[in-house]
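Below: one structure, written as structure tokens.
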Amino acid sequence: MAPKLCALCEKSRAILKRPKTGQQICKECFFYVFETEVHNTITQAQLFKPGDRVAIGASGGKDSTVLAYVMKTLNERYDYGIHLYLLSIDEGITGYRDDSLETVKRNQQQYSMPLKILSYNDLYGWTMDAVVAQIGKKNNCTFCGVFRRQALDRGAAVLNVDHIVTGHNADDIAETVLMNIMRGDIARLGRCTSICTQGEDTIKRSKPFKYTYEKEIVMYAYFKKLDYFSTECIYSPDAYRGHARAFLKDLEAARPSAIIDIIHSGEAFAVKEEVKAAQKAQQTCKRCGYMSSNELCKACSLLEGLERGVAAVGITDRARKKMDAEGPAPEGLRTIPYFQMPAGPGPSTTIQIDTS
């Protein structure tokens, strides 16, 4: 039997079947359609303008490595005129993040991009190893997620960038839609499918891989022979997201379009005005200056709980009330440096990291 020809160019032999469309295509056509779809996502959403300083959230994993490679490729091919940087967060997970950061350092050389690494230890005085040692493996992803979000904004402020892009793919976004439905989290459900988000006191964030399937990212990295780190976080197997991921994989096996269908369903959700009105207004954390819906932001609440030995503070209202009843925080507790948005070109000096 003659080899099947590529469904697109009809010249080369097809060597793969796209999970997203089911088309059997050749390697070069796959590279072209993969990159073109990401370019179309970027241009349709008007994510960048010439001169933008853009930080790529780099973990060393497949998503961020492919994102860095594709962003560099598209920037050169279509003359976006943007300046690219790598921004990595070191959570302090021995045997995982320390190894993946070595991959990021190699990517820095391979893609000729400046790299900034900011650690939880420098910023919060805690590593995730130390957090897990105190609280156990339950809810540890809550600490890491809250700390990481603020760390990315602070790292971006140090770099004085206009924009952070992350490697969140279509699978990630569909999982988040499912999680928010299962938790009844109306506030997040209304914004979790946004390709671009920005608060008054935070740096613009976007997801160029919003419509890109995880399987295709893996295939792209494999055929391009990209250098990435593939080990899963040692603290994540028990995460709540895993249940949504398993459910989504079952749906995808029965209907490959389920991932995109769920994203489109999330985009179609509209939150009633009376529900929006009942949500807490955004304000500034009185302790660290970061955005918050309460007097203390989530990161400051979690950090204070760790410092005072009450791990559940910031996770449950009951624990917060119990700690408040004990009186004000003792003097000498570690706090997060004050956050201030950068204002002007060049590296920012507004955030001082005290490691004493």
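Keep in mind that the numbers below use all heavy atoms, side chains included, and drop hydrogens, waters and symmetry copies. From a predicted model like this one, the values you see are computed outputs, not experimental measurements.
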Look at the side chain of Ser100 and the backbone N and O of Arg97, then say whether any donor-acceptor pair between them is shorter than 3.5 Å. yes
When you look at CZ of Phe223, are more than 12 heavy atoms from neighbouring residues, nucleotides or ligands closer to it than 6.0 Å? yes
Kindly indicate whether the side chain of Arg308, heavy atoms from C-beta on, has any atom under 4.5 Å from the side chain of Leu333. yes
Val104-Tyr96 co-clustered via ILVMFWY side chain contacts under 4.5 Å: no
Between CZ of Arg149 and CD1 of Ile89, what distance do you get to the nearest 0.5 Å? 12.5 Å
Shortest non-hydrogen separation from Val177 to Cys192 and the atoms involved: CG2-SG, 3.8 Å
Inspect the surroundings of CD in Glu295 and state if more than 12 heavy atoms from other residues, nucleotides or ligands are less than 6.0 Å away. no
Taking all atoms of both residues into account, what is the closest heavy-atom pair of Ala157 and Ile203, and its distance? N-CD1, 3.7 Å
Side-chain contact test, heavy atoms from C-beta onward, threshold under 4.5 Å: evaluate it for Leu306 versus Gln134 and give yes or no. yes
I'd like to know if the side chain of Asn294 and the backbone of Leu296 have a donor-acceptor N/O pair within less than 3.5 Å. no
Can you confirm whether Pro256 sits close enough to Pro19 that some side-chain heavy atom of one is under 4.5 Å from a side-chain heavy atom of the other? no
Using a distance-only test with no angle check, is there a side-chain donor-acceptor pair under 3.5 angstrom linking Ser59 and Ser64? yes
Under 3.5 Å, side chain of Asn75 to main-chain N/O of Gly81, donor-acceptor pair present? yes
Do Leu86 and Phe229 share a hydrophobic cluster, counting only Ile, Leu, Val, Met, Phe, Trp and Tyr and linking them when any side-chain heavy atoms are less than 4.5 Å apart? no
Would you kindly say whether Gln150 and Asp153 are connected by a side-chain donor-acceptor distance under 3.5 Å? no
Give a yes or no on whether Lys17 atom NZ has more than 12 heavy-atom contacts from other residues, nucleotides or ligands under 6.0 Å away. no
Can you give the donor-acceptor pairs under 3.5 Å from side chains of residues 111-119 to other protein atoms, not counting sequence neighbours?
from, atom 1, to, atom 2, distance (Å)
Ser119, OG, Asp122, N, 3.0
Ser119, OG, Asp122, OD2, 3.3

So which heavy atom on Ala55 is nearest to which on Val161, and how close? CB-CG2, 3.9 Å
For the residue pair Arg334 and Tyr124, confirm or rule out a side-chain donor-acceptor distance under 3.5 Å. no
Could you measure the distance from the OG1 atom of Thr142 to the CG atom of Asn140? Nearest 0.5 Å is fine. 8.0 Å
side-chain contact (heavy atoms from CB on, under 4.5 Å) between Leu178 and Glu175: does it pass, once the steps are laid out? CA-CA 5 Å; Leu178 292 174; Glu175 289 166 11; 5.7 Å; no
Derivation of the side-chain hydrogen bond (donor to acceptor under 3.5 Å, both in side chains) call for Thr94 and Asp129: CA-CA 7 Å; Thr94 305; Asp129 285 342; 2.7 Å; yes
For atom CZ of Arg13, is the number of surrounding heavy atoms from other residues, nucleotides or ligands below 6.0 Å larger than 12? no
Output for pair (Arg53 CZ, His83 NE2), nearest 0.5 Å, gives 7.5 Å
Flag if over 12 foreign heavy atoms under 6.0 Å of OH, Tyr78: yes
In Lys20, Lys249, Arg245, the residue satisfying salt bridge (charged side-chain N to carboxylate O under 4.0 Å, His left out) with Glu214 is Lys249
Output for pair (Met128 CE, Cys233 SG), nearest 0.5 Å, gives 7.5 Å
Are the side chain of Ser194 and the backbone of Thr197 linked by a donor-acceptor contact shorter than 3.5 Å? no
Is there a side-chain contact between Lys105 and Gln110, using heavy atoms and a 4.5 Å cut-off? no
Could you go step by step and tell me if Glu35 and Arg77 meet the side-chain contact (heavy atoms from CB on, under 4.5 Å) rule? CA-CA 10 Å; Glu35 293 161 2; Arg77 179 183 299 165; 2.8 Å; yes
Any side-chain heavy atom of Glu252 within less than 4.5 Å of one from Tyr213? yes
Is there a donor-acceptor pair under 3.5 Å between the side chain of Asn169 and the backbone N or O of Asp171? yes
Could you tell me whether the side chains of Thr103 and Arg106 share a donor-acceptor contact shorter than 3.5 Å? yes
d(His163 NE2, Ile56 CD1) to nearest 0.5 Å is 10.5 Å
With no hydrogens and no angle check, do the side chains of His264 and Tyr211 hold a donor and an acceptor under 3.5 Å apart? no
Tell me whether the guanidinium CZ or amine NZ of Lys137 lies under 6.0 angstrom from the six-membered ring centre of Tyr235 and within 45° of its axis. no
Closer than 4.0 angstrom, basic N to acidic O: yes or no for Arg18 and Glu37? yes
List the atom of Asn107, the atom of Asp227, and the distance in Å for their closest heavy-atom pair. ND2-O, 3.3 Å
Are Ile135 and Phe147 connected, step by step, through hydrophobic side chains (Ile, Leu, Val, Met, Phe, Trp, Tyr) whose heavy atoms are closer than 4.5 Å? yes
Taking NZ, NE, NH1 and NH2 as the nitrogens, is one of them in Lys207 or Asp172 under 4.0 Å from a carboxylate oxygen of the other? no
What are the two closest heavy atoms between Leu152 and Leu87, and how far apart are they? O-CD2, 3.4 Å
Is the shortest side-chain heavy-atom distance between Tyr120 and Arg148 below 4.5 Å? yes
Do the ring planes of Phe339 and Tyr290 sit parallel (below 30°), tilted (30 to 60°) or perpendicular (above 60°)? perpendicular
Begin with the C-alpha distance, continue with both residues' side-chain angles, and end with the deciding distance and a verdict on side-chain contact (heavy atoms from CB on, under 4.5 Å) for Val165 and Phe48. CA-CA 10 Å; Val165 292; Phe48 312 117; 3.7 Å; yes
ILVMFWY cluster, Leu159 and Ile82 together (side-chain gap under 4.5 Å): no
Would you compute the distance between atom CG of Leu303 and atom CD1 of Ile336 and round it to the nearest 0.5 angstrom? 5.5 Å
Leu5 vs Lys11, test: side-chain contact (heavy atoms from CB on, under 4.5 Å). Steps then yes/no. CA-CA 6 Å; Leu5 293 179; Lys11 295 178 182 178; over 6 Å; no
Closer than 4.0 angstrom, basic N to acidic O: yes or no for Glu267 and Lys210? yes
With the side chain counted from C-beta on, respond yes when Thr335 and Cys288 share a heavy-atom pair under 4.5 Å apart, and no when they do not. no
What's the shortest heavy-atom distance between Tyr228 and Ala221, and which atoms? CE2-CB, 3.6 Å
Consider only side-chain N and O atoms of Arg241 and Ser236, and report whether a donor and an acceptor are under 3.5 Å apart. no
Grouping I, L, V, M, F, W and Y whenever their side-chain heavy atoms are under 4.5 Å apart, do Ile195 and Ile164 come out in a common cluster? no
Side chains of Arg255 and Asp261: does their closest heavy-atom pair fall under 4.5 Å? yes
